[in-house]
Every structure is written in structure tokens, then in C-alpha cells.
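Please read these numbers as outputs of a predicted model, since none were measured by experiment. Below, chains carry the letters A, B, ... as their sequence lines are ordered, and counting in each starts from 1.
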Amino acid sequence: MNAKEQLEIIKQGVVELHGEEELLKKLEKGTPLRVKYGADPSAPDIHLGHTVALNKLREFQELGHQIVFIIGDFTAMIGDPSGRSETRKPLTTTQVQENAKTYQDQVFKILDPEKTDVAYNSGWLSKLMFEDVIVKLASRSTVAQMLERDDFSKRYKEGVPISVLEFLYPLMQAYDSVEVQADVEVGGTDQTFNLLLGRDFQREENQEPQAVLTLPLLEGLDGVQKMSKSLNNYIGVTEEPKDIFGKAMSVSDELMLRYYALLTDVSVEAVKKEHPMEAKKKLAALLVDRFHGQGSGEEARNQFEQVFSRRENPDDMEVFETSDAEWVAGNLVASSGCAASKSEANRLVQQGAFRINSQQIKDPKQIVNLQNDDVVKVGKRQFRKIKIKK
RNA sequence: GGGCAGAUUCCAGAGCGGCCAAAUGGACCAGACUGUAAAUCUGGUGGCUUUGCCUUCGAAGGUUCGAAUCCUUCUCUGCCCA
């Protein structure tokens, strides 16, 4: 495929491409490009938000290029301030290592391991002398530049603390680009500053500056904030089919269109013509298929319709084993793990969330007599099948 | 280093010395309505051996019959001055 055609593919779905001409020239050389992507192993779960960028990387790989996947094990000790309104808690080395490992396993659900170099940035960052930090990093950016960034200026205005440490984060990320001699770096739009700084750093080291490719940020399930683990508004790629399906179904119609646009090749125009619920089910199934294999989406859909449309019990219920047949309602809810505490259990019962074999019981103190295969339901999605131990 | 302000339950934020497990909003949970959508409405959101008891308002002490509220010291944060 010629360089121009490649560029067209690369540009699809991209918000901004800095250094387009340079990129074209590099593509014309015909040698595989080194495409950098950095991941912060502070939260080990990869979710749909990440997959926007990962899919782009996958495209690069299909075009024959090499991915340099950087695990920011060193930078994770600081925490990326991008888009955040508060200082992140630093992680311990052990935590970071564990996270990094699970992270990698998940990434290869999407990326081709053959065409991926994995690098830990502690490999070079931890070896820097203080002098290097001053000369190579700190001297190359100004406070004004930093404060120009939304996240910092906002915090500064609001009197929310900003650690000097956090100013170092973009610098380290930029330095990574120098180390791995990246031709391209891919990231979310919130990364723009960090990515562009990489270009400056490379120029100073007499390298060709990397092309910078920013991708849209995927909104989380709430439809407002960006998808992230800490906000708990995400769909993780390793989640159970029924959870992926259920979460996808719970998004608003508007957000569904956004997900279609950012996560699939399906034309949004076509989707708009469909019944929203049907479209949403298709999206949900598509996502399940993607992470659990062909056919699993269909299965998840059937389960979903069984449980929620027809209000039947799911096929696979957690079993609650007990030797007592007689229970106080509230205790049963708590003991079976359907509520975090006894008080919560009692509350749920009072609010009418508790059903046993479809029969609602509202008094937490009521005695219920259990039999084998009775089904306890708490709320919309918690089911327990009863087994009486003799 | 000096001065000032502040630290409250998941978050933001209110809290006269008793009526404070602590207003209000957000978030979340449950119920109703639905397309488990959104919107809307209702209720709820520390724990427990639950009409009462226990733990909580940065930390530790103290005053008081009684403290989130007053005093002392400490820790942390912001602002101003150097």
C-alpha cells in the first residue's frame, strides 16, 4: 500500500495529526515505523476507553508497522495529572509490577504481540542522574507552559494543590519518546501537551520529531466524564459477557451513537434508522463478541432478554449453600452476599428489592422457609440459587 | 521565616456547646414508569444483638453534666509577605 493510502487510513477517526508532512515522508521510505503508545499501570484494567487508541495501533500493525508499548512503571509512581483535578496517589513498586503484568495480558487481546515491543520506562528513567533531570528534562519547559494546560490552571485557580512532581510527568513522557526514538505517538486528546513536548525533546536531541496523533476520548457510562476506572463508569475488556452486555445496554441512546462511532465500523447513519433498543443490543453483542469470541454476544443477548425482558431467572446463578432452612429475611440477604452489610440488607428488603421465587417480602424480620432450588432475587440483577446442606 | 484562612460522612459543601449519624446538591442504591435507555416521581445511603446501642466530623490532649462545634499542641493544605 502506498504512503498516501496509508496516511488516509491512519487519519481515520483521529482528532488531530501534528506533523502530517513528516509522517508522509517517513511512510514513503517504506520501512516500518516505530509507533509509541504509553500506558500508565496505575489501574490495571483496560476498558473501552483504551481500546479507541489500541484499535488505532492495531491498524498501524496491519499496515506493517511496529508498536512500542511503553509501560509507565516509573511514571506511575507519580501519576499522570492529565485531566485530573487532584493529585494522584503514588503506587508502590509491587503494585505497579502486578498491574503492568495484567495490563499486558489484556492489551494482547487487541494488539498483535509479534509486532509489539514492550518497554518499561523505569529502564531508562531510573538511571537518570539528577543532573540529567535538570539538563535534559527540567530546563526544557517553563512554568507558563505547564500552567497553560487546562488541568493545571484549573487546579491552580481553585487553590487545589499541584505537586512539583506532577510537572515532571509530561517531561518524563516526552523523554520516553527520545529513548525509544518514536516516529509516531498515539494518545487521547488529553495527552496533547505531553505528546507535543515529545516532539520538542526529540528535536533538541537531533532526532526527527514524532508525528502526534490524538484520538477522541470515550465518555464513560454516565455520558459526561471520560471513561475511567476511578470514576467507575467503564466497561472493562475482561469483564463477563453479561456485564459487558448489561453495561452497554444501560447507556443513553445518544451515548450509544457515540460508542458506535468511536468503537465500531458501523455507519452511524444506518444505526439511527434502527429502533434504539435493537441498535443497542447489536452494539452490546458486538462488544461481547470482540472480547469473548464470536457467538458469545448472541448468547449474552439471549440471557439478557431472558432476565430483563421476560423477567425470568438467568441460567447461571450463584449458589448459596446453607444448612439452615429457616432464615430471617434481612439476614439471608446479607449472608448470601447480596448486600454489603446487615443494615444495607434490611434497607433493601424494606424498599422492596427482595424477592424469593418472585414473591416480594418487605419485612426484614420475616422468617422465610427455604427449600432446595429456591431463587433469591435482590434488586434487578442479583440472583442466588439456594442449596440446603444436610 | 512571618501573617491569614482552612481540614466535616463517596465527592462538593452547611453545621447556634445539647434537638447531629450530622442540612443541601452531586454521585450511587432500591421502588414506580419504561426499551434494565434517557427523563420523571418516591424512598434510601456509618455499623449493630435496631423503638435502643456503638463508632465517625485531620491527630492527640484538655475544658464541660455534655463537644464536629470552645482551648492547647501537632500534622497537612491554600493565600499574602519575605
Side-chain angles (χ1 to χ4, degrees), chain A residues 84-90 147 152-166 219-235 239-260 271-285 287-288 300-314 327-335 337-356 358-366 376-383:
Chain A
R84 294 186 65 86
S85 51
E86 58 188 67
T87 311
R88 205 179 251 186
K89 285 177 201 73
L147 285 178
F152 282 144
S153 67
K154 203 172 153 213
R155 278 161 65 181
Y156 188 65
K157 274 183 209 138
E158 286 170 4
V160 179
I162 302 170
S163 160
V164 173
L165 199 69
E166 292 177 83
E219 291 85 351
L221 300 173
D222 52 55
V224 182
Q225 292 184 275
K226 88 168 187 186
M227 187 175 279
S228 84
K229 185 169 183 182
S230 51
L231 293 171
N232 197 26
N233 61 359
Y234 70 103
I235 300 180
E239 289 190 71
E240 291 294 306
K242 69 172 191 310
D243 294 327
I244 295 181
F245 200 99
K247 283 184 179 181
M249 287 306 288
S250 78
V251 304
S252 70
D253 292 355
E254 203 185 336
L255 189 62
M256 166 185 73
L257 293 176
R258 181 91 176 136
Y259 280 16
Y260 260 112
V271 172
K272 279 185 184 162
K273 288 186 191 125
E274 283 191 86
H275 186 285
M277 182 177 68
E278 182 55 30
K280 213 176 283 177
K281 281 181 179 170
K282 277 185 184 158
L283 173 70
L287 294 172
V288 174
R301 177 178 175 144
N302 290 338
Q303 279 288 305
F304 178 86
E305 287 171 346
Q306 182 177 332
V307 176
F308 297 108
S309 309
R310 300 199 297 274
R311 308 227 168 194
E312 293 166 9
N313 295 327
W327 280 83
V328 177
N331 291 355
L332 177 62
V333 171
S335 300
C338 294
S341 71
K342 186 69 179 303
S343 304
E344 188 179 286
N346 290 343
R347 255 181 253 131
L348 285 168
V349 176
Q350 268 162 6
Q351 288 173 144
F354 174 63
R355 277 165 205 274
I356 184 153
S358 310
Q359 200 203 329
Q360 192 177 49
I361 292 173
K362 279 189 155 182
D363 178 7
K365 285 181 188 157
Q366 188 170 328
V376 170
K377 184 179 182 189
V378 179
K380 280 180 198 134
R381 60 202 83 182
Q382 301 228 63
F383 296 88

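Counting to the nearest Å, the C1' atom of B:G35 and the CD atom of A:Q306 are 18 Å from each other. Between A:K157 atom NZ and B:U77 atom C1' there is a gap of 20 Å when expressed in whole angstrom units.
As judged by a 4.0 angstrom heavy-atom cut-off over every strand, A:G223 is placed among residues making no nucleic acid contact. Note on A:K280: a base of the nucleic acid sits closer than 4.0 angstrom, heavy atoms only. Base engagement by A:R311 is indicated by at least one non-hydrogen atom pair under 4.0 Å involving a base atom.
For A:N346, whose side chain is taken as the heavy atoms from C-beta onward, the closest listed nucleotide among B:A37, B:U50, B:G44 is B:U50. Nearest nucleotide to the side chain of A:K380, out of B:G31, B:C48, B:G35: B:G31. In the set B:U77, B:G35, B:C29, B:U77 carries the atom at the smallest distance from any side-chain atom of A:P161. In this structure, of B:U49, B:G43, B:U45, it is B:U49 that holds the atom nearest to the side chain of A:K342. Across B:G31, B:G47, B:A38, the shortest atom-to-atom separation from the side chain of A:A353 is found for B:G31. When each of B:A30, B:G35, B:G47 is scored by its nearest atom to the side-chain atoms of A:S341, the top-ranked nucleotide is B:G47. When distances run from any side-chain atom of A:S343 to the nucleotides B:U50, B:G44, B:A38, the shortest one goes to B:U50. Nearest nucleotide to the side chain of A:H275, out of B:G47, B:A38, B:G35: B:G35. Comparing B:C79, B:A30, B:G35 by their closest approach to the side chain of A:P276 singles out B:G35.
For CD of A:E305, the number of neighbouring non-hydrogen atoms (other residues, nucleotides, ligands) closer than 6.0 Å is greater than 12. Within 6.0 Å of atom CZ in A:R311, 12 or fewer heavy atoms from other residues, nucleotides or ligands are found, so the atom counts as exposed in its surroundings.
When the P atom is compared between B:C81 and B:U73, the two are found 27 Å apart, to the nearest whole Å. Spacing of C1' atoms, B:U9 relative to B:C28, comes out at 14 Å, to the nearest Å. Using C1' as the reference atom, B:C19 and B:G26 are 28 Å apart when rounded to the nearest Å. B:A60 and B:C53 have their P atoms separated by 24 Å, given to the nearest Å.
Screening A:L348, A:N346, A:V349 for a side chain to side chain contact (heavy atoms under 4.5 Å, CB included) involving A:F354 leaves a single residue, A:V349. Tested against A:F245, the residues A:V288, A:L283, A:I235 include a single side chain to side chain contact (heavy atoms under 4.5 Å, CB included) partner, A:V288.
Of all heavy-atom pairs between A:Y260 and A:K282, the closest is OH-CB, 3.6 Å.
Across the strands present, B:G25 finds its partner in B:C11; the criterion is a Watson-Crick or G-U wobble pair with both atom distances under 3.5 angstrom. The nucleotide B:G6 finds its pairing partner in B:C76, both defining distances of the Watson-Crick or G-U wobble pair being shorter than 3.5 Å. Nucleotide B:G1 is matched to B:C81 when pairs are restricted to Watson-Crick or G-U wobble geometry with both distances under 3.5 angstrom.
Note on A:R381: every side-chain N or O is 4.0 Å or more away from OP1 and OP2 of B:C29.
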